[in-house]
Structure formats: C-alpha cells, structure tokens
Amino acid sequence: MTMGDERFEAGWKFDNSYARLPQLFATSTNPTPVRSPQLVILNEELATSLGLSIEALQSEEGVAVFAGNSIPEDAQPLAQAYAGHQFGNFTMLGDGRAVLLGEHITPQGERLDIQLKGAGRTPYSRGGDGRASLGPMLREYIISEAMHGLGIPTTRSLAVVTTGESVIRENHLPGAILTRIATSHLRVGTFEYVLQWGNVEDIRVLAEYTLQRHYPDIEEGQDRYLHLLQEVIKRQAMLIAKWQLVGFIHGVMNTDNMAIGGETIDYGPCAFMDIFDPAQVFSSIDRQGRYAYGNQPNIGGWNLTRFAEALVPLLHEDQSEAVELAQDALAEYATLYYGHWITGMRSKLGIFNEEEQDEILIKDLLSLMHKYHVDYTNTFLALTFNTVEDTVLSGTPEFTAWYTLWQERLGRQQESKDAAHELMRNSNPAVIARNHRVEEALAAAVDHGDYSVMEQLLEVLSNPYAHTPEQAMYATLPADSALPYRTFCGT
Ligand code: AMP
Ligand code: MG
C-alpha cells in the first residue's frame, strides 16, 4: 500500500483549535496501539457526509486510524481536561479513555471533533485501563444513531473496531474502540474544571472558544457571556424536552455528560422507556432515582446552574449583579422547557392550536398510562392509528372519558382530522431502540460475530417516522416487559 495512493486517501482534513488552547485545557496524548484491529461497523452515510472515502476508511490504513495505531497527518491527539458533578458530588475527571484526534473540517466547512473512545490510558485515567468493551461501544453506536434518526441532537458514531485484546471487567470481554463525532466535547464539566483550577482569564478563554465554536452569531460586547448562558440554557431546554417526548432516559446526567453545544452525549446506562413510569431509572448505581425519567428536566436545570456559576465572573464586575443576571437567565429554563414539552405533546396528540386545558388533557393521559402500566410509545401509536381498542386502556372507564374529551378537543380546531393524523404520524415514532431489540442485536454481534441483526435494527431506526410494516414488527414488547430493565455501569 502506498500512502499517497488516491484510494487510500481517507479525506481527513484536520485543524485543531482545541490543541491551540492554553495548557490547562488538555494534555497531548497518543492513543495506545492495539494488537489486531478489525473494523466491525462503519457508518457509511455519515462517512460520506463528512467527505471521507468509505473505501479508504475500510482499508488497513483506514482501520489503523480508528484503532489508534496510526495517526492521520495533521491530527494532534490529546486528552481533554474536565471535572464534573457525579451524582451531585464534585470530582476531577478528564478523558480517561478517550483521545481527541482533532477537528475534521467537512466539505460544508463544519468543524467536528473526531474522538476515539477506548483508545488507552491518558493522564486522566486514574485507576482505569483506558479501554472499552465491544458491547457498550456498539450500544452507544445504536442509541446515538437512533437519536439522530429521531431528530434529536446527538454525537454520532462513525465506526467501531475490535482491538484483538481483552478488557477485564467482571470477566474478560472483547475490547473495542468507538470513533465518535461531535460538534465539540465541551461539557459543563469543562467549565467547572476551569473555574476550579484556572483564573478568570482562563474562563474567558474557554467562553470565547465556546462562542466561536457554537454560537458565532452572538455579537461582541459586554453582554456576550450572558447571551452565551442564555443560548446554552435554550438548547438544553429543547434537548431535554425532546428526550421526554420520546421517553429517552439518559441515565447518567452528571455535569461532565452535558454538552455545551446541546448534543446528547455519553451513552452509558441509557435506554428508551417501555412502560410509562416517571420514576424509571436505568442505571444500576442510581439508587436514589436522581436521574429518573421524571427528574431529567430538573437535573437539566441543576446542571445549568453549575454552568452559570462558572460564568458568573464574566457576567458583571459586581459579583452580586452577576449572580442576579445568572439567576434571571436560569429562571427562564423551566419556561423554555415547558414550552417545548407542551408543544411537542400537543403535536403527539394531533393538536395544532393552544388551549389552557391542554396540559390537563396531556397529564391525565400520562397518569392513565402510569396507572395501567402501558407502553408509552405504543399508546401514542394506538392513538395515531386509531387502534386503541387493542390496548389495555380501552377497557377502562377513565380512558373512555379521556378519549371523548380528546376527540372534542380535536373538534375545536380548524385543522381537519386528516391533518391531525398527519401531525401525529410525524410526532410519534413507529419505533424506538427498545432494550430487548438492542440486547438481541448486541448478543448476535458480541457472542456470534453476526452484525446483521444490528444492521437491520439500525435500518428501521434510521427513519422512525416512516411507519413501515417492518417497523411495526419492532414495536412489540418483550415478554417480561414488566420487569425493570437495568443497564449496568460496566461500560
Ligand atoms: P462516564 O461514566 O463514561 O461519563 O465516565 C466518567 C469518567 O470515567 C470519565 O472521566 C471517563 O473518561 C472515565 N472512565 C470511564 N471508564 C474508564 C476506563 N476504562 N479507564 C479510564 N477512565 C475511564
Ligand atoms: Mg462521560
């Protein structure tokens, strides 16, 4: 193979702005090479949109890059420093098993982080081995692509390679590396880290960097840091509302897992809810229910408060004025969140206009779902396709009463029944990444090297609002769906 050979030019175009930040922010770190890398999945559609050559990415040299065995020209690998509140407690963290190769500039001029997750030890690894196992990396791949299909801002997954090495968890597992694409890996925890270890100038540098990368339209001037805070709040309010609307439970909303750019990041013990239950948690270590479904909007606010605290020194010369500005901005979060949530819920019910009683109508339906232990996604599908008689709810007098009220509500808007149906089709996914389907795909891949189950699942998840007959097959629940599903933190 000749490196200059056209066929092996993957098309990477690196420009590494993060590497140009002051030393405090990151440490140059190369990935640790692995024994015998093998490409097990490549996101061809994503690769193409990034301006990369699929053929070259699949070549030995291309795979060596995904494995950390070869560094593309112009990449400047580093591990990012950050801190974070984990389950409410402040901790020093940093990329303990991820290496940022650099920022790739796409043909459209977009700047995207290319990160190898599971690439070996870094100065921030603490006791960890810096590695990841295959199951969790494939899991992140599936769920992140499912989120993308649902139109929810998220990091993307470009490829997974196996390393040919074992990682030791409860037992020996096959090692793997995920190539993750993000508009940036700036986290609330990045700001917390700089607040803790840097000075005001460092915070300004970080804020300026964030503005340049994510909010270039915010104008020069004294208010720009307040605008930054307001914009980050807006994006999180929208993001978390979108999670709630599809029943997504992140599982570990620590501040280091909240991205400043507003993308969903760090898929660990996350899952989509089957049976509606606001108290549902998916992380086996979240015994208090801190990150339960119904608590996600509150935690979003809590995390944003940590972000605001880091910005306070930039908001006003007078500290008490600065705190007041931050508080006013934070007070908007709940309103913004509620606006997105109720608009989304109205759409899920085919409602175009606004009536004050809508909130009660929505909450009553959710209460019935909770009371009768019914599936969240499928209940909305049944309402969309008028198949409610097949659901457990239909036999109950409360639901009959609710249904009448809903029909009357639809009758009080100008839009036709057809228009309402169309809105519902486009607002209620035919398919979500159900736990049992994800587990089935992972088992085939990890235990048998059969990636066809995963490929099929990815295919139906890629366009969840298509409502194809094949997708209907993926809407069925597992036999034991009443059992609480848990993902364990051995990621
Ligand atoms: P997470 O729970 O994935 O958000 O990770 C929390 C922190 O633990 C981050 O700083 C990770 O980089 C670090 N970490 C997780 N797994 C490992 C590992 N196997 N080796 C080193 N650091 C790790
Ligand atoms: Mg994390």
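Every number for a ligand or one of its atoms is a count from 1 in the order of the listing.
- Crowding of Gln58 atom CD: a count of heavy atoms from other residues, nucleotides or ligands under 6.0 Å exceeding 12.
- Listed by atom number, the atoms of ligand 1 under 4.0 Å from Tyr82 heavy atoms are 9 (C), 10 (O).
- Remark: distances from the non-hydrogen atoms of Lys117 to ligand 1 are all 4.0 Å or more.
- The residue Arg187 has no part lying near ligand 1, judged by heavy-atom distances below 4.0 Å.
- Here the side chain of Tyr124 pairs no donor or acceptor atom with the backbone of Ala98 at under 3.5 angstrom.
- Aromatic rings of Tyr18 and Tyr209 (six-membered ring for Trp) have centroids within the 6.0 Å cut-off, being under it.
- Remark: ligand 1 atoms within the under-4.0 Å shell around heavy atoms of Ser125 are 21 (C), 22 (N).
- Ring-plane geometry between Phe87 and Tyr291 is classed as tilted, the angle between the planes lying from 30 to 60 degrees on a 0 to 90 degree scale.
- If you look at Asn257 next to ligand 1, the close heavy atoms, those under 4.0 Å, all belong to the side chain.
- Taking every heavy atom of Asp266 and a limit of under 4.0 angstrom, the matching atoms of ligand 1 come to 4 (O).
- Between Gly130 and ligand 1, at least one N/O pair is under 3.5 Å apart.
- For Gln86, no nitrogen or oxygen atom sits less than 3.5 Å from a nitrogen or oxygen atom of ligand 1, counting backbone and side chain alike.
- Results of the side chain to side chain contact (heavy atoms under 4.5 Å, CB included) test with Gln115 over Asp95, Ile181, Thr179 single out Asp95 as the only residue that passes.
- Between Phe380 and Tyr376, the ring-plane angle classifies as perpendicular under the 30° and 60° cut-offs.
- In summary, the atoms of ligand 1 found under 4.0 Å from a heavy atom of Leu93, numbered by their order in the structure, are 7 (C), 10 (O).
- For Asn257, the nearest N, O or S atom to the Mg ion (ligand 2) falls under 2.8 Å.
- The distance from ligand 1 to the heavy atoms of Arg126 drops below 4.0 Å at these ligand atoms: 7 (C), 8 (O), 10 (O), 13 (C).
- With hydrogens and angles ignored, the 3.5 Å screen pairs no side-chain donor or acceptor of Gln280 with any backbone N or O of Met273.
- Between the Mg ion (ligand 2) and Asp266 there is an N/O/S contact shorter than 2.8 Å.
- At under 3.5 Å, a nitrogen or oxygen of Arg97, whether backbone or side chain, sits near a nitrogen or oxygen of ligand 1.
- Looking only at side-chain heavy atoms (C-beta outward), Met253 and Asn257 stay at 4.5 Å or farther from each other.
- For Gln319, the CD atom is densely surrounded, since the number of other residues' heavy atoms within 6.0 Å is greater than 12.
- Heavy-atom distances between Arg121 and ligand 1 stay at or above 4.0 Å for every pair.
- Those atoms of ligand 1 that come under 4.0 Å of a heavy atom in Arg169, given as number and element, are 19 (N).
- Ligand 1 lies less than 4.0 angstrom from a heavy atom belonging to Gly94.
- Residues Thr190 and Gln80 bring no donor and acceptor atom of their side chains to less than 3.5 Å of each other.
- Short contacts between ligand 1 and Gly128, defined as distances under 4.0 Å to a heavy atom of the residue, involve ligand atoms 20 (N), 21 (C).
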Is there a side chain to side chain contact (heavy atoms under 4.5 Å, CB included) between Tyr225 and His316 once you walk through the steps?
-> CA-CA 9 Å; Tyr225 305 114; His316 203 281; over 6 Å; no

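- Within the 4.0 Å heavy-atom criterion, the part of Arg131 lying near ligand 1 is the backbone and not the side chain.
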